[in-house]
There are 2 protein chains.
Amino acid sequence: MRTVEEHLSRVLSLGSRLPAEPCPVGDGFGRVLAEDLAAVVAVPPFDNSAMDGFAVRAEDLAVGASLRVVGDIPAGATAVPRVGAGEAARIMTGAPMPPGADTVVPVEQTDQPMGAVSLPESVRVSAVVPLGRHVRRAGEDVAVGAQGLSAGQRWSPAAASSAASLGHGVVPLVARPRVSILATGSELVAAGRPLGFGQIPDSNSLLLSGLCRQWGAEVVSAVAVDDEPANFRAALTEALAADLVLTSGGVSVGAFEVVRQVVEGEVVFDKVAMQPGKPQASGLLTAPDGRRVPMLGLPGNPVSVFVSAWAFARPLIARLGGWDEEWRSVSMLALRGWKGPEGRRQFTPVRITADGVMPVHTLGSGSHLVASLALADGLAVVTEEATSVAPGDAVAVHPVGL
Amino acid sequence: MRTVEEHLSRVLSLGSRLPAEPCPVGDGFGRVLAEDLAAVVAVPPFDNSAMDGFAVRAEDLAVGASLRVVGDIPAGATAVPRVGAGEAARIMTGAPMPPGADTVVPVEQTDQPMGAVSLPESVRVSAVVPLGRHVRRAGEDVAVGAQGLSAGQRWSPAAASSAASLGHGVVPLVARPRVSILATGSELVAAGRPLGFGQIPDSNSLLLSGLCRQWGAEVVSAVAVDDEPANFRAALTEALAADLVLTSGGVSVGAFEVVRQVVEGEVVFDKVAMQPGKPQASGLLTAPDGRRVPMLGLPGNPVSVFVSAWAFARPLIARLGGWDEEWRSVSMLALRGWKGPEGRRQFTPVRITADGVMPVHTLGSGSHLVASLALADGLAVVTEEATSVAPGDAVAVHPVGL
């Protein structure tokens, strides 16, 4: 059996960072900035007032001085008056400084009231402010050409806001990984459809597509496909239009393991020392357009799918998308005990509470396995050496919430 | 001045949970299940095998017993053979149990090899398994009508998977809050467009729309509007088609505060004891269709927008969407010190490292204010009583990452 680390290392070797592509600043959240971003406009782009007040010449200032008001400068003003000796212009925060003026006296330091009052003919200054005070100079935050955002920045609302201020409408972001999902099994029918004899609803394609979207991937297709090798091969060929193919089921050792039957030899089938999730397939397949596309074949049980996807698909998606992916575990108290297998790392879906964690399958009176996974907000990871967790033990918990 | 809690309490009083609507199980992640969800199909829907092996009659089992193989039952089989005395049917995990059989002998406990081998004429049993072993009974996980998922469940990939297994294709989820965003300011032009005299790029509509989407809201419109009251009133009337209107700018005490000019009297303008984010407007406006729609008027500075949105818009969106919203603060070490105002709660964007936090505006050689917010993954919250944070102090940090 391979260790979890060995398998992860193999999985990560299957992919590398996707190319960058231009993206509107307000889209692409979660993607990664591919290049340093310099300012194409200065920030601020022009000298402007930092306060609501009066733009003046500092040399005219004295306590009690009265200045003639020559105009009004709201933010966005396209024409501004010239301020001469003994003059002032009313100015709003962010509005362009008028020629002639070098200093702003806040309205609070004048005889004028705050708020939407009509423009006075003159203003009396009640305090002297030094030359240049309350004036933001063009480029004082960022000069044109200076670096603003660094390559590797994960795209976020704040990054979009910054990029816009730096003059960018479109930015180079690493492509969002496109994932195709194939849930295998002749017994599967789409959610909500009537079940015939021997049929069950396909839940894995929903689980995997939801997780991939949660992790920032684009799901280009997510369908169930039956165990007929020709059908699986056809669906797989279509799926290879994506950057990554995930399958569920068909990787074990039964007589009708369609994934194994179709791609054994092209991809590797491993036993990984973990529970759940022991059978894992991984490799590169050649797409019709000649690209080599990574494929991960996950087991079919929903909890195995969930755990395998977190352990292997998520890091590979991050590798393709170009962002760092850490397996952030937090040490928490086990509120109930549970057993684990020797020699395999155990991943147990748990609910995180203020007091500690408990396995979700022990929750609720029904203890419905099928519904319990929805209660999980963490995966407790128990080492290969341990065979049980006792109440009060510290366990490593990886958050898996939305 | 109102306290942060007083303002938050007022903001939360403006909204209540939106109605539920039917949603396909594979969509609607982040939304809230509005009603308990019972199983409409049993889980599993039929007696099936838990192992790859042979379906037999327990009474025929003895070490070394040879049974005649009457057929092959893959998962999804639509016809199954009857198993009589002294007979067995090869069966795969998840495949329906054939009539006559009551027990499954795993392939490992027979003389047959694992994998895709042809159907043998007979099978020799190497171990006796008890009656009923390795058979999953119809409904043993969830019976039809039993409760599966509980109202209040935040919709997630695992919830979608569970709901599908319970027979649901469509589920009642609380509506996703629809938000309209108006960034006010005659100086604003759309990101990437050339700047005229006195103009700056609109960054706040990108920041707010990104944050709202990050929090699970649907942004129905996000535009800049100038400071002409008639234009703002017209844009606001359109914006009221949403469940919540957020504005930035125009709430302060200058001479051209368009939000204040247009809606003062309808909504309340407050000073909140926080930094940044002191001026805040909040209230209910009447939409053209008669609905009373909450509006929050945030200040115009990008850091104020960011902080006010996290502090007030996010909890209100959660209230509308029906999910719990906790302000989860974690105590972390300050790696650098900074000053704060007395009597106002201070929210400082910080970068979180393994060692502790530091204010983002002190990071990097350029210390560009405009770019620094993109580096924040936390908000450090300093109480009204404190006027400074020293290196080594513990501070409460609220995560704000993607």
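Just so we're on the same page: letters track the sequence lines, and every chain starts at 1.
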Could you tell me if the side chain of A:Leu379 sits less than 4.5 Å from the side chain of A:Pro349, heavy atoms only? yes
With a 4.5 angstrom heavy-atom cut-off, is it the side chain or the backbone of A:Asn204 that approaches chain B, or both, or neither? neither
In terms of heavy-atom pairs under 4.5 Å with chain A, which of B:Ala158, B:Ala255, B:Pro302 leads? B:Ala255
Please flag which part of A:Ala75 lies under 4.5 Å from any non-hydrogen atom of chain B: side chain, backbone, both or neither. both
Taking side chain as everything from C-beta outward and backbone as N, CA, C, O, which of these in A:Ser209 sits under 4.5 Å from a heavy atom of chain B? Side chain, backbone, both or neither. neither
Of the listed residues (A:Gly192, A:Pro157, A:Gly210, A:Gly169), which shares the most heavy-atom pairs with chain B below a 4.5 Å separation? A:Pro157
Would you say that A:Leu375 contacts B:Gln153 through its side chain, given a criterion of any heavy-atom pair below 4.5 Å between the two side chains? yes
Is there a side-chain contact between B:Ser248 and B:Leu208, using heavy atoms and a 4.5 Å cut-off? yes
Pick from A:Ala222, A:Ser161, A:Ala77 with the largest number of heavy-atom pairs that fall under 4.5 Å of chain B: A:Ser161
Measure distances from A:Arg260 to the heavy atoms of chain B and classify the residue's part below 4.5 Å as side chain, backbone, both or neither. neither
Looking at chain A, which one of B:Gln261, B:Arg213, B:Met97 has the largest number of heavy-atom pairs inside 4.5 Å, strictly under? B:Arg213
Just wondering, do A:Val305 and A:Pro299 contact through their side chains at under 4.5 Å, heavy atoms? no
Answer yes or no: is there a donor N or O on one side and an acceptor on the other, between the side chain of B:Ser49 and the main chain of B:Met51, under 3.5 Å? yes
Minimum side-chain heavy-atom gap B:Leu37-B:His168 below 4.5 Å: yes
So which of B:Val253, B:Val41, B:Asp27 has the largest heavy-atom pair count under 4.5 angstrom toward chain A? B:Val253
Looking only at heavy atoms and a cut-off of under 4.5 Å, which of A:Asp72, A:Val117, A:Leu119 has the most pairs with chain B? A:Asp72
Interface moiety of A:Phe46 toward chain B, non-hydrogen atoms closer than 4.5 Å: side chain
Is there a side-chain contact between B:Arg90 and B:Asp52 (heavy atoms, below 4.5 Å)? no
Sort out for me which residue in A:Asn48, A:Asp47, A:Thr93, A:Asp141 forms a side chain to side chain donor-acceptor pair (under 3.5 Å) with A:Arg136. A:Asn48
Counting heavy-atom pairs closer than 4.5 Å to chain A, which one of B:Ser205, B:Ser186, B:Gly300, B:Gly216 comes out on top? B:Ser186
Whether A:Arg31 engages the ring of A:Trp155 as a cation-pi pair (distance to the six-membered ring centre under 6.0 angstrom, angle to the ring normal within 45°) should be assessed. no
Is the side chain of B:Glu187 donor-acceptor paired with the backbone N or O of B:Ile200 at a distance under 3.5 Å, no angle test? no
So, for A:Pro96 and A:Ile73, which heavy atoms are closest and what is the spacing to 0.1 Å? O-CG2, 3.6 Å
Answer key: most heavy-atom pairs under 4.5 Å with chain A among B:Gly401, B:Ala160, B:Ala164 is B:Ala164
Pair A:Arg351 + A:Asp377: basic N to acidic O under 4.0 Å: yes
I'd like to verify something: which residue of A:Ala191, A:Pro44, A:Gly94 has the highest number of heavy-atom pairs under 4.5 Å with chain B? A:Ala191
So which part of A:Leu195 gets closer than 4.5 Å to some heavy atom of chain B, the side chain, the backbone, both or neither? side chain
If one checks every heavy atom of A:Val43 against chain B at 4.5 Å, the contacting part turns out to be side chain
Side chain, backbone, both or neither: which part of B:Met92 has an atom under 4.5 Å from a heavy atom of chain A? side chain
Pick whichever of A:Gly198, A:Ala190, A:Ala95 has the most heavy-atom pairs under 4.5 Å with chain B. A:Gly198
Region of A:Gln214 in contact with chain B, defined by heavy-atom distances below 4.5 Å: side chain
